[in-house]
Protein chains: 2
Amino acid sequence: MRASARARGERAAQVSANGGERGRVATIFDVARLAGVSHQTVSRVLNDLPNVRPATRERVENAIRQLRYVPSQAARALVTRRSRTLGLVAAGLPDFGPSSIVLHVNESAADAGYAVITTTLADALGPTLRSAAEMLIRQNVEAIVLIATERAALDAFDGWELGVPLVAVASEARGRALRVTIDQYRAARAAVSHLLELGHRDIRHIAGPAGSMDAEERLRGWRDRLGEAGIAVVDPPRGDWSPQSGFDLGTAMLQGGVPGAVFVSNDQMALGLLHALAEAGLRVPEDVSVVGFDDIPEAAHFQPPLTTMRQDFVGLGRDAMAAVLAHLQDEQSTEHPEPRPSQIIVRSSTRAV
Amino acid sequence: MRASARARGERAAQVSANGGERGRVATIFDVARLAGVSHQTVSRVLNDLPNVRPATRERVENAIRQLRYVPSQAARALVTRRSRTLGLVAAGLPDFGPSSIVLHVNESAADAGYAVITTTLADALGPTLRSAAEMLIRQNVEAIVLIATERAALDAFDGWELGVPLVAVASEARGRALRVTIDQYRAARAAVSHLLELGHRDIRHIAGPAGSMDAEERLRGWRDRLGEAGIAVVDPPRGDWSPQSGFDLGTAMLQGGVPGAVFVSNDQMALGLLHALAEAGLRVPEDVSVVGFDDIPEAAHFQPPLTTMRQDFVGLGRDAMAAVLAHLQDEQSTEHPEPRPSQIIVRSSTRAV
DNA sequence: CGCTGATGTCCCCAGCAATGC
DNA sequence: AGCATTGCTGGGGACATCAGC
């Protein structure tokens with residue numbers, strides 16, 4: 001079909017004629033023309049394929065530099081069916097946990113040569129999630145990573161054929177999504193163990209919101225560990241992660257007497273609790289021991305510096321990216337990686353009784 | 001050219017023959033075939049163009065639903081040269097300020113129907129920025145939004161033809177980038193005015209790092225406002241935004257005596273300062289007044305609750321997106337929007353002397 | 001002949017302009 | 001005039017083919 005070839009040639013000629021035109025960028029044909037080879041040879045150079053003579057390669061590379069040629073991702077995506085792009089769906093920003101995960105998934109993706117399209121959601125309702133996912137699919141993402149704090153978010157994706165792999169960062173295993181996770185349950189048990197080892201028996205809990213899987217796992221860890229120690233518990237109050245709710249629930253808790261220790265489901269609520277305790281004239285850790293969760297940057301400078309659980313968000317980001325890549329290479333790989341362990345950071349808000 | 005049309009037809013036939021094949025997605029031709037129209041008619045339906053009979057439109061829409069057809073963004077981008085995608089370059093995460101800006105730019109972009117590819121940077125060095133920007137260009141973004149905290153980041157982009165509009169979120173006007181901003185200078189002046197009105201004269205400052213434009217503007221506001229009040233100042237100590245640096249610099253500051261009031265360049269360092277003051281047995285606000293900057297969610301529950309400057313990140317995100325859209329529609333529009341004003345939040349860390 | 005290095009053709013998928021009924 | 005169709009375009013990769021030694 002010579003007509004086609006000629007059309008290409010004419011176009012290329014036009015381009016070199018008005019190369020100075022604003023906004024016009026070089027194509028692979030322009031490069032080929034300048035280097036005196038076919039566009040296919042340029043393609044081989046671009047993709048590091050064999051069968052290109054070093055001298056030819058050199059010429060092509062010079063032409064690329066000269067024209068400041070950048071391959072069109074759109075054209076490449078069209079033919080390879082690979083966009084080198086990931087979708088990231090995150091609700092619950094700007095909390096420390098989700099934000100950190102987003103940050104580190106981004107970093108791991110960049111290392112793997114992937115771009116990340118992030119959609120932040122105000123709520124985790126089905127329709128919202130659905131339209132976010134559809135937008136990502138339209139943008140041609142190769143996989144979707146879902147930062148799921150609420151159970152509802154995970155459920156919304158279930159029984160819904162996306163067409164691309166779904167990796168969920170979540171603390172419960174639900175649905176068919178590939179899951180990467182931090183072991184919140186064991187971390188909560190470790191926090192309670194720390195208090196038990198200090199001799200505490202009256203260990204209360206301020207939990208996170210009901211829909212949150214993280215909150216649920218931390219609550220379960222607290223309950224189970226106390227149960228094993230032969231200590232009966234009642235249902236704990238639930239906050240919304242905010243310092244204000246920690247303050248309110250802490251104030252309410254003090255109405256019924258002074259607890260020996262409190263395990264709080266995140267650092268911000270722990271801060272609110274510290275505030276409530278200070279207002280009530282109670283000293284930490286002399287009167288009450290407090291353990292938080294997350295190890296936010298501020299925690300080391302609370303009054304007193306907070307004992308808390310530090311999570312491995314960096315590792316989690318890597319796990320998520322590894323899961324994506326594994327699934328992209330091999331559809332069958334449904335191996336869930338080991339949950340990432342957490343680490344207790346003992347500061348000055350806990351002490352032995 | 002009938003050959004071409006026939007090739008299309010054959011391909012379409014193949015598709016419907018193995019429609020169950022894994023990973024194969026429907027194209028506009030499959031839809032056209034099922035609806036008994038040409039692909040162009042489908043295109044008109046997709047783009048809400050006139051000249052489609054309601055009955056035809058109906059048939060096409062049914063076919064789209066039936067095949068779960070999603071237009072290929074890659075193909076569309078190739079022909080329209082519009083990717084509906086924005087690039088966002090952010091250094092300095094996960095600090096509260098930059099994180100908030102990223103979040104709200106994302107939201108505003110989503111409202112405008114744009115996807116956002118975010119790249120997070122470990123440092124703001126030239127080569128890092130450059131490769132980040134190149135990656136975004138390859139991904140075909142229509143514009144780049146740069147969250148620039150450091151002056152060096154802004155300078156790195158200068159004199160460098162990107163090929164796409166650049167919008168900088170930054171507190172200094174540098175280079176040719178379109179700029180949106182929060183007026184840090186006026187905000188700092190307001191913070192100092194608050195202390196002056198309370199009768200303070202000995203008003204110190206703990207500044208942010210030297211390269212930071214935000215830190216510089218806040219420092220300048222503090223210096224100028226005090227100068228106007230006839231109060232001489234010396235160069236303030238500089239932290240790195242972290243609570244630890246606030247603690248260290250606060251401790252050092254107390255070696256030279258107890259100040260009347262301190263204006264701290266961000267809330268986290270203010271927290272460190274509160275910690276240092278508490279350790280020295282000083283009371284806030286009885287002995288020392290403290291004003292922070294940012295109004296992070298924790299600030300209301302510091303001990304004591306912190307007086308601080310709240311910035312309008314939501315508005316800033318909208319400004320950034322508006323600037324992008326304006327520039328995309330009209331290359332000449334280089335109007336910088338008015339800087340967003342900030343608001344003082346008076347809590348319990350300041351009081352009259 | 002057999003291998004290396006380079007070329008030609010078709011295809012990916014959607015939108016636009018011109019055309020046809 | 002209203003509605004639908006045909007042909008071409010965009011940038012680059014896969015594959016088959018070809019030239020040279």
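Chain naming here is simple, since letters A, B, ... match the order of the sequence lines and numbering starts at 1 in each. These numbers were taken from a predicted model, which means no experiment stands behind them.
Residue pairs meeting the ring-ring contact (aromatic ring centres under 6.0 Å, His included) criterion with at least one partner in residues 113-142 of chain B, sequence neighbours excluded, are absent. Applying the ring-ring contact (aromatic ring centres under 6.0 Å, His included) definition to pairs two or more places apart or across chains, those involving residues 38-87 of chain B are B:Phe29-B:His39. For residues 318-328 of chain A, every residue pair satisfying the salt bridge (Lys or Arg N to Asp or Glu O under 4.0 Å) rule, not counting sequence neighbours, is listed here: A:Asp319-A:Arg340. Within the structure, the salt bridge (Lys or Arg N to Asp or Glu O under 4.0 Å) test picks out the following pairs touching residues 41-64 of chain B (sequence neighbours left out): B:Asp48-B:Arg57.
A:Val42 comes within contact range of no nucleotide atom at all, as no heavy-atom separation falls under 4.0 Å.
C:dG15 atom P lies 12 Å from atom CG of B:Asp48, rounded to whole Å. Atom C1' of nucleotide D:dA1 and atom CG of B:Asn51 are separated by 9 Å, given to the nearest angstrom. The distance from atom CZ of B:Arg33 to atom C1' of D:dT6 is 17 Å, rounded to the nearest whole Å. Distance, A:Phe29 CZ to D:dT9 P: 12 Å, rounded to whole Å.
Not counting sequence neighbours, the partners of B:Ala153 by the side-chain contact (heavy atoms from CB on, under 4.5 Å) test are B:Ala124, B:Leu129, B:Ala148. Residues meeting the side-chain contact (heavy atoms from CB on, under 4.5 Å) test with B:Thr85, sequence neighbours left out: A:Gln139, B:Ser83, B:Ala115, B:Ile117, B:Val141. Considering only residues two or more places apart in sequence or on other chains, B:Ala132 meets the side-chain contact (heavy atoms from CB on, under 4.5 Å) condition with B:Thr119, B:Leu121.
Nucleotide D:dA4 forms a Watson-Crick or G-U wobble pair with C:dT19, both donor-acceptor distances falling under 3.5 Å.
Contact check on B:Glu142 versus B:Arg84 returns no salt bridge, with no Lys/Arg side-chain nitrogen under 4.0 Å from an Asp/Glu carboxylate oxygen.
For residues 53-73 of chain A, proximity to DNA chain D is found at A:Tyr69, A:Val70, A:Pro71, A:Ser72, defined as any non-hydrogen atom under 4.0 angstrom from a strand atom.
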Polar atom pairs between nucleotides 14-21 of chain D and protein, under 3.5 Å, N or O only, would you list them?
| residue | atom | partner | partner atom | Å |
| --- | --- | --- | --- | --- |
| D:dA14 | N7 | A:Gln40 | NE2 | 3.4 |
| D:dA14 | N6 | A:Gln40 | NE2 | 2.2 |

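Proximity of a side-chain donor or acceptor of B:Ser108 to a complementary backbone N or O of B:Val105 within less than 3.5 Å is not detected.
Here the side chain of B:Ala75 is nearest to one of C:dC13, D:dG12, C:dT4, namely C:dC13. Among the nucleotides C:dA14, D:dC3, D:dG11, the one closest to the side chain of B:Leu78 is D:dG11.
Distances shown here put a side-chain N or O of A:Arg76 below 4.0 Å from the OP1 or OP2 atom of D:dG13. Residue A:Arg81 has a polar side-chain atom (N or O) positioned under 4.0 Å from OP1 or OP2 of C:dC13. Phosphate contact (OP1/OP2 of C:dC12, side-chain N/O of B:Thr27, threshold under 4.0 Å): absent.
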